[in-house]
2 protein chains.
Amino acid sequence: MNVMNESPRRKELTRLAAQLFVQEGFDRTTVRMLAQEMGIKSGSLFHHFRDKQEILAAVIEEGTHNALAMARQALVECGPDAESRLRAMARAHLETLLTDRNAHVVALYEWRRLDPEARAHLSHLRDAYEALWEEVIDAALAEGLIHGDRFLVSRFVMGALNWTVRWYDPRGPRTPDDLADELVAMITRHPA
Amino acid sequence: MNVMNESPRRKELTRLAAQLFVQEGFDRTTVRMLAQEMGIKSGSLFHHFRDKQEILAAVIEEGTHNALAMARQALVECGPDAESRLRAMARAHLETLLTDRNAHVVALYEWRRLDPEARAHLSHLRDAYEALWEEVIDAALAEGLIHGDRFLVSRFVMGALNWTVRWYDPRGPRTPDDLADELVAMITRHPA
DNA sequence: GGGTCAACCAAGCAAGCGCTAGTGTAAACG
DNA sequence: CGTTTACACTAGCGCTTGCTTGGTTGACCC
């Protein structure tokens with residue numbers, strides 16, 4: 001059994017698992033369904049993962065890790081002003097929601113199914129991601145671009161963004177960047 | 001077996017079920033757990049509900065029904081201007097999230113576990129609720145209180161509000177009305 | 001060319017699942 | 001009074017669940 005997501009085989013299995021978890025939900029996805037989707041028998045699954053819980057943790061870790069990486073990259077590449085940074089974060093967030101959609105849906109819906117140890121480990125990743133947001137929002141507040149309670153504003157923004165997985169259809173006319181721009185426009189000062 | 005949620009006994013059982021569904025999730029809540037929480041044996045449960053699915057439907061119906069009623073009431077009592085109506089809707093929404101918290105968490109997380117018939121029935125209730133929101137947001141757009149794409153704005157607002165169940169702690173310093181006011185302030189035109 | 005090792009399979013166990021069948025009982029009804 | 005009704009019980013059926021065990025295969029290694 002492998003320790004991390006290093007093995008390419010395991011990475012592929014994780015991707016397949018994410019898809020099934022989205023379709024059926026974690027509890028309703030049986031190890032036999034997972035194995036069939038992966039083209040192996042159910043027993044062989046436990047060569048790659050210690051138990052079913054570990055598959056869930058692997059899925060969520062993969063998604064959160066990518067989101068963090070993309071957000072950091074976006075912050076490096078964007079302009080220095082608060083509005084550029086805010087927009088960059090929103091765009092990066094929505095873009096991961098597209099490319100790693102399955103993993104993120106699982107993270108949002110099945111977080112509570114994680115056992116305490118896995119949750120503790122993954123909480124750090126998530127906290128690091130949310131810290132980026134708070135930093136950007138603090139800067140926007142300081143610059144007067146937005147105003148209000150920093151705690152509430154960041155929670156509202158995260159809510160609006162995460163909720164998109166429920167209704168956003170990438171085949172529709174709107175691009176992720178459209179959504180990001182609209183959200184930023186909604187919460188920033190609107191010059192009459 | 002009863003047909004609707006008329007029986008007070010059934011209403012009480014539904015309330016208990018909601019609590020367990022939140023704690024454990026629908027799939028992990030067994031009929032034996034439900035029965036124990038209700039003080040009866042597992043077999044007796046099926047005198048009140050046809051099957052486990054019907055319990056889920058009852059929980060969600062109860063919560064959505066109350067939310068719709070509270071929103072309508074709030075719109076009747078509030079002022080006629082767009083800002084008052086927007087604030088009233090936000091307050092009503094957050095207040096139900098408090099009083100019927102369990103039912104709403106279940107509705108948000110376990111919606112996909114509903115079988116197609118129940119989902120179709122409950123979709124009507126939810127659509128009616130969301131229609132109230134779109135109406136209020138349309139008015140706010142027309143009045144120039146907020147601006148942007150009506151579809152996106154309403155989705156963003158719903159996201160921000162529904163996300164509160166993940167982080168809001170009613171024992172903290174903030175009241176639901178505080179949250180509502182802050183949200184309205186965030187998205188309305190900000191006079192410099 | 002024997003040893004190592006990741007990857008897989010066949011078979012099945014123990015536990016738990018939703019739900020049913022049949023019965024008992026006390027209150028309500030005509 | 002006899003009948004009905006609501007509510008609960010006991011007992012268990014048939015099935016699925018996550019996971020284990022013991023063994024096989026083929027590629028690579030010194």
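Below, all heavy atoms of this structure are taken into account, side chains as well, without hydrogens, waters or symmetry copies. Here is how names work: the chains are called A, B, and so on, in the same order as the sequence lines, proteins then strands, and each is numbered from 1.
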Exercise for the section: Hey, can you tell me if B:Y129 and B:H93 have their rings parallel, tilted or perpendicular (30° and 60° cut-offs)? Expected result: tilted
Problem - Flag, side chain of B:E54 to backbone of B:F49, donor-acceptor distance under 3.5 Å - result: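 Side chain of B:E54 to backbone of B:F49: no pair is present.
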Exercise for the section: Output yes when at least one side-chain N/O atom of A:H47 is less than 4.0 Å from OP1 or OP2 of C:dA7, else no. Expected result: yes
Handout entry: Contact under 4.0 Å: B:H48 side-chain N or O vs D:dA8 OP1/OP2
Key = yes
Quickly work out the [X] [atom1] to [N] [atom2] distance and round it to whole Å.
X: A:R50; N: D:dC19; atom1: CZ; atom2: P; result: 11 Å
X: A:R113; N: D:dG18; atom1: CZ; atom2: P; result: 14 Å
X: A:I40; N: C:dA6; atom1: CD1; atom2: P; result: 16 Å
X: B:L13; N: D:dA8; atom1: CG; atom2: P; result: 7 Å
X: A:F49; N: D:dG18; atom1: CZ; atom2: P; result: 15 Å
X: B:L56; N: C:dG18; atom1: CG; atom2: C1'; result: 15 Å
X: B:L45; N: D:dA11; atom1: CG; atom2: C1'; result: 17 Å

Handout entry: A:G39 vs A:S42, nearer the 5' end of DNA chain C by closest nucleotide
Key =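 That would be A:G39.
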Which nucleotide sits closest to the side chain of [X]: [options]?
X: A:F46; options: C:dG18, D:dG18, C:dC8; result: D:dG18
X: B:R9; options: D:dC7, C:dA10, D:dC9; result: D:dC7
X: B:K41; options: C:dC9, D:dC19, D:dC9; result: D:dC9
X: B:D51; options: C:dC17, D:dC7, C:dC19; result: C:dC19
X: A:V31; options: D:dC19, C:dA7, C:dT20; result: D:dC19

Handout entry: Within 6.0 angstrom of B:Q36 CD, more than 12 heavy atoms from elsewhere
Key = no
Taking the six-membered ring of [Y] (Phe, Tyr or Trp), confirm whether the NZ or CZ of [X] is under 6.0 Å from its centre and within 45° of its axis.
X: A:R166; Y: B:W111; answer: no
X: A:R155; Y: A:W133; answer: no
X: B:K52; Y: B:F26; answer: yes
X: B:R28; Y: B:F21; answer: no

Exercise for the section: Examine the base of C:dG18 for any acceptor or donor lying under 3.5 Å from a partner atom in the side chain of B:R32, and report the outcome as yes or no. Expected result: yes
Practice task
Please work out which residues in residues 16-27 of chain A have a non-hydrogen atom less than 4.0 Å from an atom of DNA chain C and list them by number.
Solution key: none
Practice task
Give B:S44 one of three labels, base, sugar-phosphate or nothing, depending on what nucleic acid heavy atoms sit under 4.0 Å from its own.
Solution key: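 Touches a base.
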Practice task
Could you check A:G43 against A:R28 and say which one's nearest nucleotide on DNA chain D is further toward the 5' end?
Solution key: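 On the 5' side of the pair lies A:R28.
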Handout entry: Side chain to side chain, A:R85 and A:D81, heavy atoms closer than 4.5 Å
Key =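 A:R85 does not reach A:D81 side chain to side chain.
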